Undergrad: 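For reference, the structure I am asking about is given below.
When a residue number appears, it is its place in the shown sequence, counting from 1. Just so you know, these numbers come straight off a predicted model, no measurement behind them. Below, all heavy atoms of this structure are taken into account, side chains as well, without hydrogens, waters or symmetry copies.
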Amino acid sequence: MRRSALSILASLCLVALWSSSALASSKLVEPTLKMRPVASGVTRVAITLDACMGRTDFRILDTLVSERIPATVFVTARWIRRNRDALAIMLANPDLFEIENHGQDHIPAIDRQVSVYGIAAAGSLESVMREVNGGREAIIAATGKEPRWFRGATAKYTNSAMVGINDIGERIAGYSINGDGGSLLGAGIAQKRIAAARDGDVVIAHINQPTHEAGEGVAKGLLALKTRGVTFVRLDDPGFDPETN
């Protein structure tokens with residue numbers, strides 16, 4: 001009887017451990033990305049811009065080009081199809097723009113049935129990889145280069161989805177400053193958030209909402225950083241050394 005009770009207890013413990021592990025693997029995470037500190041005294045900031053769908057915010061794009069500010073732009077296949085003019089400007093300025101993967105249809109890279117900010121997730125690992133590979137193939141076709149970084153819609157993932165993405169050679173691009181609150185902030189707040197970036201910060205903002213106030217703030221925030229003498233870096237720069245990812 002004692003042996004049977006111990007056996008049952010052991011089984012229950014295994015079930016509890018399995019359940020805990022399953023819960024941990026399915027929990028949504030929003031990775032942070034920041035550069036390691038350096039002793040040079042130089043303030044380095046990485047500007048990353050999401051081009052989800054819709055049209056291009058030329059207030060931001062024109063500022064980047066005219067002020068010669070480098071940035072990493074995460075594009076979807078949908079955005080590429082609708083914004084050939086903006087993409088041509090980016091490709092004509094390879095010293096400024098790094099093009100990375102934001103997926104095929106702007107579907108959250110989450111391998112379970114959930115909704116994030118009202119957007120239905122991929123729902124399975126197979127669907128996650130379809131989203132990732134669809135964006136990857138569109139970028140290769142448009143630029144001739146393979147993306148090395150991926151940022152999914154909503155920037156939230158499960159650990160298991162991140163493993164699958166890493167396995168095809170793409171790193172997950174988190175951030176340390178949300179510059180425009182999904183392009184929903186007012187111009188003044190977006191400007192203040194971006195202008196306050198410190199050494200090592202990775203800023204996320206959006207370049208696909210030309211009618212939103214936030215875009216004006218993003219452009220002004222970039223100008224404020226330049227006035228401060230910030231050194232702008234891209235994620236593909238040899239000196240980009242992530243603290244966490």
Side-chain angles (χ1 to χ4, degrees), residues 28 30-31 33 46-64 71-91 97-110 114-123 127-143 147-157 161-162 165 170-175 177-185 187 190 193-194 202-219 221-222 234-235:
L28 298 188
E30 190 166 3
L33 183 62
I47 302 298
T48 68
L49 300 168
D50 289 1
C52 310
M53 55 188 88
R55 296 297 184 182
T56 302
D57 191 336
F58 279 93
R59 295 171 298 181
I60 300 172
L61 182 57
D62 289 347
T63 298
L64 293 169
T72 301
V73 184
F74 287 85
V75 303
T76 65
R78 291 174 64 176
W79 183 88
I80 289 175
R81 289 194 298 269
R82 297 190 65 188
N83 294 272
R84 297 290 180 178
D85 53 344
L87 180 64
I89 292 172
M90 294 178 189
L91 295 179
F97 298 104
E98 168 192 2
I99 308 297
E100 295 293 353
N101 191 0
H102 198 35
Q104 177 172 278
D105 293 311
H106 199 250
I107 297 173
I110 298 169
V114 295
S115 177
V116 183
Y117 306 135
I119 306 174
S127 295
V128 167
M129 299 316 298
R130 185 182 305 116
E131 169 74 3
V132 176
N133 285 319
R136 178 183 182 86
E137 291 165 6
I139 290 172
I140 293 172
T143 71
R148 298 299 181 189
W149 291 85
F150 176 82
R151 175 180 288 151
T154 75
K156 296 182 185 294
Y157 316 83
M162 289 193 292
I165 296 165
E170 295 190 25
R171 304 173 74 177
I172 302 297
Y175 59 90
I177 291 181
N178 187 337
D180 65 356
S183 193
L184 298 176
L185 295 178
R193 283 191 180 188
I194 293 172
V202 175
V203 177
I204 182 177
H206 292 76
I207 195 171
N208 67 302
Q209 296 289 354
T211 64
H212 290 195
E213 289 184 19
E216 177 187 345
V218 172
L222 293 172
R234 307 189 319 195
L235 303 192

Undergrad: Below 4.5 Å, heavy atoms only, C-beta onward: do Leu91 and Thr143 meet side chain to side chain?
TA: yes
Undergrad: Does the side-chain contact (heavy atoms from CB on, under 4.5 Å) test come out yes or no for Arg82 and Arg55, once each step is laid out?
TA: CA-CA 7 Å; Arg82 297 190 65 188; Arg55 296 297 184 182; 3.3 Å; yes
Undergrad: When rounded to the nearest 0.5 angstrom, what is the spacing between CD in Glu137 and CG in Asn101?
TA: 10.0 Å
Undergrad: Give a yes or no answer on whether the side chain of Asp180 reaches the backbone of Ala214 with a donor-acceptor pair at less than 3.5 Å.
TA: no
Undergrad: Should Ile172 and Phe150 count as side-chain neighbours, where that means a heavy-atom distance under 4.5 Å?
TA: yes
Undergrad: When you compare the side chain of Ile207 with that of Ser183, does any pair of heavy atoms fall below 4.5 Å?
TA: no
Undergrad: Take Phe97 and Leu64 through the test side-chain contact (heavy atoms from CB on, under 4.5 Å) and record every step on the way to the result.
TA: CA-CA 9 Å; Phe97 298 104; Leu64 293 169; 3.6 Å; yes
Undergrad: Just by distance, do the side chain of Glu100 and the backbone of Arg148 share a donor-acceptor pair under 3.5 Å?
TA: yes
Undergrad: With a 3.5 Å distance limit and no angle check, can you tell me whether Asp57 reaches the backbone of Arg59 through a side-chain donor-acceptor pair?
TA: yes
Undergrad: Between Asp50 and Trp79, does the side-chain contact (heavy atoms from CB on, under 4.5 Å) criterion hold? Intermediate values first, please.
TA: CA-CA 10 Å; Asp50 289 1; Trp79 183 88; over 6 Å; no
Undergrad: Quick one, Leu235 with Arg171, criterion side-chain contact (heavy atoms from CB on, under 4.5 Å). Give me CA distance, side-chain angles, the key distance, then yes/no.
TA: CA-CA 10 Å; Leu235 303 192; Arg171 304 173 74 177; over 6 Å; no
Undergrad: Distance-only, no hydrogens or angles: does the Thr76 side chain make a donor-acceptor pair with backbone N or O of Asp105 under 3.5 Å?
TA: no
Undergrad: Going by heavy atoms in the side chains, are Lys156 and Tyr117 under 4.5 Å from each other?
TA: yes
Undergrad: Between Arg78, His206, Gln209, which is the residue that forms a side chain to side chain contact (heavy atoms under 4.5 Å, CB included) with Cys52?
TA: His206
Undergrad: Taking side chain as C-beta onward, heavy atoms only, is Trp149 less than 4.5 Å from Thr72?
TA: no
